[in-house]
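Here is the structure we will look at.
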Amino acid sequence: MCFRKKRITVLLGAGVPLNLVSQDGFFPSTKNITNEVLNNPYEVYDMNTGNTSIGHLIHDIYVRLCEAYHPEAIDPSDPDNAARVHFEILFYILEMLETYERSWRNSTVPKYVNKIAPFVQLDNFNFDPTEFYAASKHLLDTIFKCVRKYDDVFPDSRNDWYRDFWRNYCSGWDLFNLNYDTTVEQSIKEYEDGYEDIVDQEGFQRFNVRKLLANKDGLSTINHMHGCLLYGGDRYKNVNHDVYDYDHQDMYKWPDVDTAYDRWLGSSSSSGTAQDGSVIVQGPIITGLAKTEKVTCLPYDGYRNNFFRCITQNRGLLIAGYSFGDRYINQMFYRMFQAHGDKTRVVLIDYWDMTGYYMDNEADEGDPEPTDADMNPRYFEHYFTLEHGNVETLMFIKRVTHHDVDVWNHFNRLSLTGPMISDNGCLMLFIGGFKNAIENHGKEILKFLR
């Protein structure tokens with residue numbers, strides 16, 4: 001039986017890789033990836049003339065979005081709304097513009113017409129439909145390269161703190177990774193991910209949900225809920241192989257990143273249509289704002305179901321670097337509370353920059369670094385009031401602690417680096433980042449979760 005009392009469920013978000021060694025010191029934050037998307041040009045090929053030109057659609061979308069936010073919603077530290085307009089939003093707009101352009105064509109069959117498109121009219125925004133493919137490919141390609149900057153150099157000894165944490169727990173992890181890297185695979189070595197070899201076909205593996213759920217050897221499981229660098233389309237010798245059991249959108253697993261990359265970009269399997277007729281891009285990188293429609297192919301729907309299974313059977317949950325931006329995942333968290341009640345044990349690891357907020361003002365250059373002695377409930381409330389703290393994160397904390405009012409009065413202490421434990425014993429909170437928590441409090445975390 002692969003589910004044991006000491007088995008721990010883990011959700012890894014985008015904040016986890018920020019402390020890993022990276023090529024050229026690249027910091028894979030949302031802001032930096034967005035800057036890479038915006039600052040690197042991409043070419044658009046004209047099929048009619050055979051000529052190429054530099055694309056500008058992504059930049060135009062970015063400028064328009066920055067201008068569109070209401071003045072009262074503008075962050076004082078970011079007057080141009082640059083931090084609010086990130087690459088996932090840009091990708092979503094690309095998909096929606098392609099949706100409307102396709103829907104407005106008279107030749108489009110009803111299945112591919114978005115149901116709201118006949119009622120929509122763009123206001124003073126012109127775009128060239130021939131840019132859709134090039135712009136989408138550029139954005140996904142940029143994400144791919146940014147992830148490789150730290151994934152390729154992961155064997156560096158400076159990442160031992162990360163590897164050792166995953167290796168040293170022998171009772172079994174159920175790891176759900178929202179990132180696209182292979183760092184957990186490189187750390188654990190032996191694991192179950194549901195992929196299996198194919199009879200009479202070499203070179204790649206297919207996903208079998210029965211293999212994942214059975215996990216006959218009781219190994220740790222690795223579940224890439226939003227994609228992986230190793231995923232790509234199939235290359236069957238017989239094109240009719242598995243034609244009745246698998247869909248053309250399903251992802252296969254390749255032995256190395258370079259081979260997987262060649263089997264994905266440029267293929268037709270990445271483009272799909274949502275139930276409302278919207279264009280959605282699936283594939284080895286699930287991004288944008290319509291993820292619930294995109295995770296309907298293998299292995300993603302299998303991993304989503306396994307996540308629900310794990311959190312309702314394992315009472316220990318470690319959440320690291322997650323911004324609570326995916327509603328379908330957030331809702332499953334609450335089902336965990338229903339399943340385990342006051343026996344629920346959650347460790348939440350995040351990074352909150354409290355500089356300035358403990359003095360009831362915005363962070364300014366020259367502000368002294370805060371210390372634990374400076375912390376009190378009012379400063380935490382101030383941090384979230386100014387919208388620098390993620391409101392969804394705060395709502396999660398309130399749900400786990402069972403305190404809606406004065407929640408910060410219900411922890412054993414308030415600390416920038418050390419663990420803060422809720423008075424109901426269900427939550428251990430760290431706000432000093434993943435590396436600090438693992439290196440200095442790894443044993444405490446495991447003891448709490450067990």
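Because only heavy atoms are used, hydrogens play no part in the values below, and waters and symmetry mates are left out as well, while side chains stay in. The first residue of the sequence shown is numbered 1, and numbering continues consecutively from there.
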Could you name each residue pair satisfying salt bridge (Lys or Arg N to Asp or Glu O under 4.0 Å) that touches [range], not counting sequence neighbours?
range: residues 320-340; answer: K291-D326
range: residues 293-302; answer: E95-K294
range: residues 251-260; answer: R148-D258, D193-K253

Enclosure of Y112 OH (heavy-atom neighbours >12, cutoff 6.0 Å)
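Count not over threshold, so no.
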Would you find more than 12 non-hydrogen atoms of other residues, nucleotides or ligands less than 6.0 Å from N39 atom CG?
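Yes - once you tally the heavy atoms of other residues, nucleotides and ligands closer than 6.0 Å, there are more than 12.
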My understanding is that only residues two or more places apart in sequence, or in another chain, count here; which of them pass side chain to side chain donor-acceptor pair (under 3.5 Å) with D234?
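Partners of D234 by the side chain to side chain donor-acceptor pair (under 3.5 Å) criterion come out as none, since no residue qualifies.
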Would a distance-only check, ignoring hydrogens and angles, find a side-chain to backbone donor-acceptor pair under 3.5 Å from [X] to [Y]?
X: D217; Y: L219; result: no
X: R315; Y: R7; result: no
X: D141; Y: K137; result: no
X: S220; Y: W173; result: yes
X: N32; Y: F26; result: no
X: D151; Y: T182; result: yes
X: H224; Y: Y180; result: no
X: R167; Y: S187; result: yes
X: D181; Y: V147; result: no
X: R345; Y: D342; result: yes

For the ring pair Y236 and F204, is the centre-to-centre distance below 6.0 Å?
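Here the rings of F204 and Y236 have centres that are less than 6.0 Å from each other.
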Walk me through it: do F207 and Y300 pass the test side chain to side chain contact (heavy atoms under 4.5 Å, CB included)?
CA-CA 10 Å; F207 181 76; Y300 310 126; over 6 Å; no
Polar contact flag, side-chain donor to acceptor under 3.5 angstrom, [X]-[Y]:
X: N168; Y: D164; answer: no
X: S323; Y: N390; answer: no
X: T221; Y: E192; answer: no

Between F333 and Y322, how do the two ring planes meet: parallel, tilted or perpendicular, split at 30° and 60°?
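It falls in the perpendicular class, over 60°.
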Report the relative orientation of the aromatic rings in W352 and F384; use parallel for angles under 30°, tilted for 30 to 60°, perpendicular for over 60°.
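The rings of W352 and F384 stand perpendicular, inter-plane angle above 60°.
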For S278, all residues meeting side chain to side chain contact (heavy atoms under 4.5 Å, CB included), sequence neighbours excluded
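Side chain to side chain contact (heavy atoms under 4.5 Å, CB included) list for S278, sorted by chain: M96, T99, N114, A274, D276.
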Is it true that the NZ or CZ of R163 lies under 6.0 Å from the centre of F154's six-membered ring and within 45 degrees of the ring axis?
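Yes, a cation-pi geometry holds between R163 and F154.
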N/O donor-acceptor pairs under 3.5 Å from side chains in residues 416-428, not counting sequence neighbours:
from : atom 1 : to   : atom 2 : distance (Å)
S422 : OG     : N424 : OD1    : 2.6
S422 : OG     : C426 : N      : 3.4
S422 : OG     : L427 : N      : 3.1
D423 : OD1    : H403 : NE2    : 3.4
D423 : OD2    : H410 : ND1    : 2.9
N424 : OD1    : C426 : N      : 3.1
N424 : ND2    : V400 : O      : 2.9
N424 : ND2    : T401 : O      : 3.4

